[in-house]
Visitor: 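Take a look at this one; I'll ask things after.
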Amino acid sequence: MLKNKLILIDGNNVAFRAFFALPLLNTDKGIYTNAIYGFATMLMKILETEKPTHVLVAFDAGKKTFRHETYTEYKGGRQKTPPELSEQFPLILELLTKFGIKHYQVENYEADDIIGTLAAKAGQATWDVKVVTGDKDFLQLANDQVEIALIRKGISDVENYKPSDVQERYGIDPGRIIDLKGLMGDSSDNIPGVPGVGEKTAIKLLKQFGTIEGVYESIDDVSGKKLKEKLIDHHEQALMSKKLATIDREAPVTLSLEECQYTFEVTSELIHLFKELEFHSLLDRIGAEETIDQNAQDEAFEFETLSEITEDHLESPSSLIVEVTDSNYHYGDIHGIGLSNKTGSYFIPIKTALSSEVFRSWLEDEKTEKVVFDGKEDTVALSWREVHLKGIMFDIQLASYLIDPSETNDDLAAISNRHNLSYVYSDDAFYGKGAKHRISGDEELGEHLARKARACLELLPLLQKKLDINQQTSLFNELELPLSLVLAEMERMGVKTSQDTLEQMGEELSRKLTEIEHNIYELAGTTFNLNSPKQLGEILFEKLQLPVIKKTKTGYSTSADVLEKLAPQHEMIPKLLDYRQLGKLKSTYIEGLLKVIHPKTGRIHTRFNQTLTQTGRLSSIDPNLQNIPIRLEEGRKIRKAFLPSKEDWVIFSADYSQIELRVLAHIAQDEQLIKAFENGMDIHTKTAMDVFGVKEEDVTSLMRRHAKAVNFGIVYGISDYGLSQSLGITRKEAGQFIEAYLDSFPGVKKYMEDVVKKAKEDGFVTTLLQRRRYLPDIRSRNFNRRSFAERTAMNTPIQGTAADIIKQAMVQMSERLAEEQLTTNMLLQVHDELIFEAPEDEIDKLKRIVPDVMENAVKLDVPLKVEYAYGPTWYDAK
DNA sequence: CCATGCACGC
DNA sequence: GACGTACGTGCATGGT
């Protein structure tokens with residue numbers, strides 16, 4: 001017979017935590033769902049990990065409890081429950097009902113007492129009990145049967161406390177938690193305790209005297225005159241506080257343990273509720289994917305599979321889906337084509353498509369208008385097959401991204417659903433995810449593609465209208481859409497990469513790594529897995545007894561900043577840092593890059609994600625060519641493997657100097673900053689002069705380093721904490737630096753204030769070219785989330801405008817290269833730099849053209865400055 | 001298969 | 001006064 005296991009959940013506490021931990025989500029219909037969602041996530045996690053036989057969720061009842069008879073101020077001064085949360089409680093109860101989980105409350109009592117009472121009952125019956133809450137008060141209940149799961153940060157992270165864990169953490173037994181609270185009080189419940197006694201003092205007293213009563217019995221033995229006075233003065237208050245903190249284990253709970261029985265079952269009612277609340281990820285988790293498909297399938301869909309294509313099928317505009325079998329469109333086959341226009345929706349098997357002259361010339365005709373979902377993918381995939389797609393007039397994914405970059409924009413079904421078109425299956429649902437991925441037969445596939453094509457066609461006017469309302473039509477037509485075609489060319493071109501160079505570097509790295517590894521084992525006196533932070537932590541902090549500087553939620557932190565602090569303590573530490581650095585080079589850059597050299601072209605073909613970042617930057621995957629090492633010489637050598645693709649060509653690299661700070665100067669219209677750039681000053685030195693109030697010749701290198709970090713902070717929107725970390729100073733000092741900076745640049749200060757104010761009014765911020773980022777948290781009552789949103793409001797227009805500018809430069813550069821009939825290829829973009837390969841005899845022209853185009857991509861009130869370099873490899877272009 | 005810790009770039 | 005703090009991608013580990 002399996003042992004019974006009861007989970008007791010502090011309903012109010014979990015709901016509050018969920019509400020404050022998650023952004024204020026809402027459904028299409030405007031129902032707030034963050035607390036419900038968080039509650040559901042926590043619940044599912046607990047049910048999965050604990051597999052209980054019985055579950056109960058306890059709630060507080062009403063405002064007054066028996067504790068108010070003892071102390072009318074109990075829980076006084078609490079903020080009112082926000083209405084956005086209150087309205088979610090009925091739905092949380094509904095959620096529990098549909099999960100088949102009992103919930104319960106008792107007039108005059110708190111959830112605490114219900115839980116305490118039932119925990120005691122279950123304990124007597126020798127059941128296992130787990131209490132889930134965020135409230136440390138509950139630790140008093142821990143005993144051999146009862147374990148407390150304290151929710152740490154977020155919602156689904158818990159820390160389990162057995163009595164020994166309480167002892168370890170507080171140095172006292174669970175039973176003494178009430179004495180602890182009695183002495184130190186609890187501001188959140190407005191329990192007074194003894195003034196001047198905090199956690200440290202309270203624990204010390206309890207270790208010496210056992211209980212509060214014990215303290216007063218031997219009050220003469222208490223050391224410290226002041227402390228003794230305070231204890232005596234507040235004797236009554238201490239006893240009352242202890243009473244308030246004591247959970248009642250004999251509350252009038254009429255519910256029997258058996259009534260809390262729980263059996264895991266996914267009901268259609270639960271699925272229905274999840275759908276109503278738009279909890280798609282949770283539907284996935286309970287395995288209700290098929291039900292989602294069923295929904296789409298319910299609606300009959302008419303389409304035709306074409307075995308022959310005629311002009312009549314190719315009405316303008318037509319939507320076009322080029323389906324690729326591999327998640328990486330540089331590889332894989334084309335699966336088939338979906339097509340839709342006012343004559344109907346069609347599936348074209350790939351053989352039919354590629355053998356049809358009519359279709360091919362339609363694809364390559366600039367004048368026939370195509371609506372696509374991901375034009376870059378289509379263009380590249382067809383380009384690998386010598387078909388040159390032309391005439392893309394609209395890209396659904398791009399448009400959707402510009403309208404709101406925070407939404408899911410890589411899934412046509414998700415976009416469709418947001419616009420109330422519910423007949424598309426998501427690719428994940430249709431093909432299956434990960435290992436479950438399957439390729440379907442033509443019949444099913446045809447319908448899927450025809451549905452997708454139809455959705456693109458129907459989304460066209462809806463998205464066009466939204467772009468128009470947002471004043472983003474020219475951002476779309478003049479910037480992002482043309483850029484997608486430029487990126488397609490760059491990706492298809494790829495960068496020539498020397499396998500030999502990488503392999504040689506790999507061998508040398510292997511030798512060095514083996515040597516360091518042995519060295520470390522010797523110093524450690526044992527072998528272990530150096531790549532395991534867990535094992536390394538045990539060696540450093542247990543075996544070698546080095547001081548613990550920082551902990552992660554799973555153990556000791558062994559990050560570089562921690563190791564640097566420990567470096568003087570043990571000669572092994574610098575070697576560990578070396579090992580990490582070289583190991584990274586070998587695994588990510590040598591082995592990683594070798595894996596992605598295309599066997600046919602000998603080149604690396606990355607993919608730029610144009611619809612991902614919240615700021616408007618690009619990202620690069622498979623491989624990421626935007627984070628190839630440069631700072632440390634050993635890593636920088638990796639760049640020697642990147643070459644031009646022809647003899648006597650060079651790699652030509654051009655980067656914007658201080659583009660973000662120039663953008664800031666322009667947006668903020670800060671006279672100081674604009675002048676500094678007009679005069680060509682070293683901006684970090686200038687910042688140091690102003691912040692530290694010294695003359696140029698008196699700026700020390702330390703001042704300049706600090707000023708540089710402050711500028712870095714402004715550009716990336718880091719907090720005083722972030723700045724303090726990067727400079728190794730206190731948060732207060734960092735805060736003072738930021739203040740001094742803002743006093744020196746009043747235009748910047750005013751901009752920062754104005755942009756936050758505007759964001760609060762509008763709910764979003766914009767860049768120079770009308771890129772948009774919504775900041776729902778900017779009105780949050782949660783300090784953290786609000787502060788983060790405020791920094792984002794200040795930073796996004798800066799970073800996003802810089803992204804606008806280089807994107808504009810790329811589009812113009814592509815046109816200019818064609819105009820000037822150059823054979824130079826643009827290969828990569830790394831946020832503020834462009835990398836080309838060029839024949840030697842075009843270098844002189846590039847030296848003029850590249851800076852010209854980049855510096856004049858947009859007109860600002862500060863000059864943009866571009867620096868360039870070139871050489872036989874990427875390494876040499878410095 | 002997923003979360004975690006770590007490290008690389010801007 | 002606490003909170004947990006730039007954005008991305010990718011690797012190895014260690015749990016399911």
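Heavy-atom basis, side chains included; hydrogens, waters and symmetry copies ignored. All figures in this text were calculated on a predicted structure; none of them were measured in a lab. In the text below, chain A, chain B and the rest are named by the order of the sequence lines, each starting its count at 1.
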Visitor: With a cut-off of less than 4.0 Å, is there a side-chain N or O of A:Thr552 near OP1 or OP2 of B:dG5?
Guide: yes

Visitor: Counting any heavy atom closer than 4.0 Å, what does A:Asn795 reach on the DNA or RNA strands: base, sugar-phosphate only, or nothing?
Guide: nothing

Visitor: Can you tell me the distance, in whole Å, between the CG atom of A:Leu536 and the P atom of B:dA7?
Guide: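 Those two atoms, CG and P, are 10 Å apart.
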
Visitor: Compare the minimum distances between each of B:dG9, B:dC8, C:dT9 and the side chain of A:Leu612, then state the nucleotide with the smallest one.
Guide: C:dT9

Visitor: Nearest-Å distance, CD (A:Glu591) to C1' (C:dG10)?
Guide: 13 Å

Visitor: Could you tell me whether A:Arg772 and A:Asp404 have a side-chain N and a carboxylate O separated by less than 4.0 Å?
Guide: no

Visitor: Of all the choices, B:dA7, C:dC11, C:dG15, which nucleotide is nearest to the side chain of A:Ser587 once you look at every atom?
Guide: C:dC11

Visitor: Choose from C:dT5, C:dG10, B:dG5 the nucleotide whose nearest atom is closest to any side-chain atom of A:Tyr721.
Guide: C:dT5

Visitor: What is the nucleic acid contact for A:Gln614, judged by heavy atoms within less than 4.0 Å: base, sugar-phosphate only, or nothing?
Guide: sugar-phosphate

Visitor: OP1 or OP2 of C:dC7 versus the side-chain N and O atoms of A:Arg617: is any pair under 4.0 Å?
Guide: no

Visitor: What is the distance, rounded to the nearest whole Å, between atom CG of A:Leu625 and atom P of C:dG8?
Guide: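 Whole-Å distance recorded here is 18 Å.
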
Visitor: What integer distance in Å separates A:Leu577:CG from B:dC8:C1'?
Guide: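 For the pair A:Leu577 CG and B:dC8 C1', the rounded distance is 15 Å.
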
Visitor: In terms of side-chain heavy atoms of A:Arg791, which of B:dC8, C:dA6, C:dG15 is nearest?
Guide: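 Nearest to the side chain of A:Arg791 among the choices is C:dA6.
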
Visitor: Just to confirm, is there a sub-4.0 Å distance from OP1 or OP2 of B:dC10 to any side-chain nitrogen or oxygen of A:Arg631?
Guide: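 Result: yes.
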
Visitor: When you get a sec, tell me which of B:dC8, B:dC10, C:dA12 is the closest nucleotide to the side chain of A:Asn531?
Guide: C:dA12

Visitor: Less than 4.0 angstrom between a side-chain N/O of A:Thr615 and OP1 or OP2 of C:dG8, yes or no?
Guide: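 For C:dG8, OP1/OP2 do not have a side-chain N/O of A:Thr615 under 4.0 Å.
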
Visitor: Looking at C:dG14, I'd like to know if its phosphate oxygens (OP1 or OP2) sit under 4.0 Å from a side-chain N or O belonging to A:Ser532.
Guide: yes

Visitor: Rounding to an integer number of Å, can you tell me how far A:Leu664 CG sits from B:dC10 C1'?
Guide: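 It is 17 Å, rounded to the nearest whole Å.
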
Visitor: Within 45 degrees of the ring normal and closer than 6.0 Å to the centroid, is that where the cationic atom of A:Arg731 sits relative to A:Tyr721?
Guide: no

Visitor: Starting the side chain at C-beta, find the nucleotide from C:dC11, B:dG5, C:dA6 nearest to A:Thr554.
Guide: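 The answer is B:dG5, which lies nearest to the side chain.
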
Visitor: Quick one: is A:Ser559 getting a side-chain N or O under 4.0 Å of the B:dG5 phosphate, OP1 or OP2?
Guide: no

Visitor: Tell me if the aromatic rings of A:Phe528 and A:Tyr521 count as close, with their centers under 6.0 Å from one another.
Guide: yes

Visitor: So, A:Asp804 and A:Arg771, do they make that salt bridge, N to O below 4.0 Å?
Guide: yes

Visitor: Under 6.0 Å from the six-membered ring centre of A:Tyr656 and within 45° of its axis: does the NZ or CZ of A:Arg662 meet both?
Guide: no

Visitor: Closest approach to the side chain of A:Gln535, judged atom by atom: which nucleotide of C:dG14, C:dT13, C:dT9 is it?
Guide: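 Closest nucleotide to the A:Gln535 side chain: C:dG14.
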
Visitor: Does A:Lys878 make a cation-pi contact with A:Tyr875 (under 6.0 Å, within 45 degrees of the axis)?
Guide: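 Here A:Lys878 passes the 6.0 Å and 45° test against A:Tyr875.
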
Visitor: Does A:Asn529 place a side-chain N or O at less than 4.0 Å from the phosphate oxygens OP1/OP2 of C:dT13?
Guide: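 A:Asn529 to C:dT13 OP1/OP2: side-chain N or O found under 4.0 Å.
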
Visitor: With sugar-phosphate meaning primed atoms plus P, OP1 and OP2, does A:Gln799 contact a base, only sugar-phosphate, or nothing at under 4.0 Å between heavy atoms?
Guide: nothing

Visitor: Expressed in angstrom and rounded to an integer, what is the separation of A:Ile638 atom CD1 from C:dG10 atom P?
Guide: 16 Å

Visitor: Below 6.0 angstrom between ring centroids: does that apply to A:Tyr716 and A:Phe712?
Guide: yes

Visitor: Can you check whether any acceptor in the base of C:dG4 is under 3.5 Å from a donor in the side chain of A:Arg731, or vice versa?
Guide: yes

Visitor: Below 30° counts as parallel, above 60° as perpendicular, anything between as tilted: where do the rings of A:His330 and A:His605 land?
Guide: tilted

Visitor: Any side-chain N or O of A:Gln829 under 4.0 Å from OP1/OP2 of B:dC10?
Guide: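 No, no such contact exists.
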
Visitor: Can you measure A:Lys732 atom NZ to C:dA2 atom P for me and round it to whole angstrom units?
Guide: 14 Å

Visitor: Looking at C:dG4, I'd like to know if its phosphate oxygens (OP1 or OP2) sit under 4.0 Å from a side-chain N or O belonging to A:Ser719.
Guide: no

Visitor: In whole Å, what is the span from the CD1 atom of A:Ile621 to the P atom of C:dT9?
Guide: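 Computing the A:Ile621:CD1 to C:dT9:P distance gives 7 Å.
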
Visitor: Just name whichever nucleotide pairs with C:dT13, Watson-Crick or G-U, keeping both distances under 3.5 Å, else none.
Guide: B:dA3

Visitor: Between C:dA6 and B:dC8, how many Å separate the two C1' atoms, rounded to a whole number?
Guide: 15 Å

Visitor: Quick check for you: among B:dC6, B:dC8, C:dC7, whose closest atom lies nearest to any side-chain atom of A:Arg580?
Guide: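 Nearest nucleotide to the side chain: B:dC6.
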
Visitor: In the structure shown, which nucleotide is the Watson-Crick or G-U wobble counterpart of B:dC8, with both distances under 3.5 Å?
Guide: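 Because both required distances fall under 3.5 Å, B:dC8 counts as paired with C:dG8.
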
Visitor: Need one value for A:Phe783: base, sugar-phosphate or nothing, where a base atom within 4.0 Å counts as base even if backbone is also close, heavy atoms only.
Guide: base

Visitor: Give one of base, sugar-phosphate or nothing for A:Asn609, where a contact means two heavy atoms less than 4.0 Å apart.
Guide: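 No contact.
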
Visitor: With rounding to whole Å, what would you report as the distance between B:dA7 and C:dA2 at their C1' atoms?
Guide: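 Nearest-Å result for B:dA7 against C:dA2 at atom C1': 30 Å.
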
Visitor: Take A:Asp622 and A:Ser787, find for each the nucleotide of DNA chain C with the closest heavy atom, and name the residue whose nucleotide sits nearer the 5' end.
Guide: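 Per heavy-atom nearest nucleotide, the more 5' residue is A:Ser787.
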
Visitor: Which is true for A:Glu660 with a 4.0 Å heavy-atom rule: it touches a base, it touches only sugar-phosphate, or it touches nothing?
Guide: nothing

Visitor: May I ask you to verify if any side-chain N or O of A:Thr558 is less than 4.0 angstrom from the OP1 or OP2 atom of B:dC6?
Guide: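 Yes, within the criterion.
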
Visitor: Would you indicate what A:Ile628 reaches in the nucleic acid, counting non-hydrogen atoms under 4.0 angstrom: base, sugar-phosphate, or nothing?
Guide: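 The answer is sugar-phosphate, as A:Ile628 gets under 4.0 Å only of primed atoms, P, OP1 or OP2.
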
Visitor: Looking only at side-chain atoms of A:Asn627, point me to the closest of C:dA6, C:dG8, C:dG10.
Guide: C:dG8

